[in-house]
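The structure appears below as C-alpha cells.
Proteins come first, then strands; the chains are lettered A, B, ... in the order of their sequence lines, and each starts at number 1.
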2 protein chains.
Amino acid sequence: MGEIVSLRRTPDPAAPVERTEPLWRELVGGELRGRRLERGERLVDVAQRAGVSPQYLSEVERGLKDPSSEMLAAVAGALDLTVRELSTRAARGGFSAGSALCLAA
Amino acid sequence: MGEIVSLRRTPDPAAPVERTEPLWRELVGGELRGRRLERGERLVDVAQRAGVSPQYLSEVERGLKDPSSEMLAAVAGALDLTVRELSTRAARGGFSAGSALCLAA
DNA sequence: ACGCCGTTCCGCTCAGAGCAGAACGCTCAA
DNA sequence: TTGAGCGTTCTGCTCTGAGCGGAACGGCGT
C-alpha cells in the first residue's frame, strides 16, 4: 500500500486483484458474442448495422471496453434485443468474456 | 439532417431522438436509487462505501453518467448486490431514471 | 433562524472511448 | 502449396466525457 496508484476510473476494491465475479462489461460482452454466434452472424455485419467499427465490437465482445449506453443500445438493436433483454440475458447467461469464459454448447 | 453532429460516443440511431426504451444507464441508475432507498440509506454513506463522490453517485442514480464496470461493481457491492443481481433487477425492476421514471410502491 | 439532505452548477484533469490502418494468426478450399 | 475469409491484435490518434472538488441552491423539518 506504499504505492500511489492513480485510480481514476477503476476504483480500488478492498481486494484489488482478486475478483471472483465478472465485471459488467465482461457479462454483457459475452452475451453479445453468444447472441451473435447463435444467430450465425459475422462480426463485421453486426458492427455495420450497429454503426461501430469491427475492431471495436470485437473488443466490446471480449469485455475489453465499456461501451456507452447508446452504443450498447445500438449493438443490442442490431441483434434484435432490447437493452432490458440484453441485461437479463447477460446476468443469467453462461457467457462471460474474459477469464471466466463458459461456452454453453 | 443538415447539421453536422459530432457523435463520438452517442451513435445516431435510425430515429435520432425518439427513444421509447430507457438506456442502460437509466435502468441501472434507477435500480441503484431504488435499492438504496428501500434499504433506507443515505446517498453520502453509499457513496463513501463505494469510494465515489456523492455528487457523482447522484448523477449515476439519475442516469446522467455511464459508470465504468469497476465503479458499477463498487456501488453494487456497497448495496450488497452482485453485478449479476443488479443487472437482473435493473432489467425487470420498475425503476428507470430519466423521463420514464416509475416508482414501484 | 438553523441543520440536513440531495441536487445543480462550475471548472478542471486526464483516462479511455472509439476510430482507422496495418499486421497477425487461424481455418478452409482450390 | 497459395489465397481468401474471418477475427484479433497492435499502433497511434483525437477528443469526449468520466469523475472529481468546491460552492451554491432548494426543500424539508425542528
Using the closest heavy atom to pick a nucleotide of DNA chain C for each, name whichever of B:Glu59 or B:Arg42 lands nearer the 5' end.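 By nearest-heavy-atom nucleotide position, the 5'-most residue is B:Arg42.
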Using a cut-off of less than 4.0 Å, is there contact between a side-chain N or O of A:Arg33 and OP1 or OP2 of D:dT8?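 So the side-chain polar atoms of A:Arg33 do come within 4.0 Å of the phosphate oxygens OP1 or OP2 of D:dT8, strictly under.
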Phosphate OP1/OP2 of C:dA17: any A:Ser68 side-chain N/O under 4.0 Å: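 The answer is no; no side-chain N or O of A:Ser68 sits under 4.0 Å from OP1 or OP2.
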Quick check for you: among [options], whose closest atom lies nearest to any side-chain atom of [X]?
X: B:Val52; options: D:dG7, D:dC20, C:dG6; answer: D:dC20
X: A:Met71; options: C:dG6, C:dC19, D:dA18; answer: C:dC19
X: B:Leu43; options: C:dT7, D:dT8, D:dA18; answer: C:dT7
X: B:Lys65; options: C:dA20, D:dG7, D:dA18; answer: D:dA18

To the nearest angstrom, how far is [X] atom [atom1] from [N] atom [atom2]?
X: B:Leu37; N: C:dC5; atom1: CG; atom2: C1'; result: 12 Å
X: A:Glu61; N: D:dC6; atom1: CD; atom2: P; result: 15 Å
X: A:Gln48; N: D:dG7; atom1: CD; atom2: C1'; result: 16 Å
X: A:Leu57; N: D:dC6; atom1: CG; atom2: C1'; result: 13 Å
X: B:Asp66; N: C:dG16; atom1: CG; atom2: P; result: 15 Å
X: B:Glu70; N: C:dA15; atom1: CD; atom2: P; result: 15 Å

Is any side-chain heavy atom of [Y] closer than 4.5 Å to one of [X]?
X: B:Arg33; Y: B:Ser58; value: yes
X: A:Arg39; Y: A:Asp80; value: yes
X: B:Asp66; Y: A:Asp66; value: no

Heavy atoms only, 4.0 Å cut-off, all strands: where does A:Pro54 land among base, sugar-phosphate and nothing?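 Result for A:Pro54 = nothing.
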Considering every strand and a 4.0 Å limit on heavy-atom distances, what is the contact class for A:Gln55: base, sugar-phosphate, or nothing?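 Here A:Gln55 touches the bases of the nucleic acid.
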Does the distance from a Lys or Arg side-chain N to an Asp or Glu carboxylate O, for A:Arg92 and A:Glu31, drop under 4.0 Å?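 Salt bridge between A:Arg92 and A:Glu31, a charged N being under 4.0 Å from a carboxylate O: no.
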Ion pair check, A:Arg35 and A:Glu85, cut-off under 4.0 Å: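 Salt bridge absent between A:Arg35 and A:Glu85.
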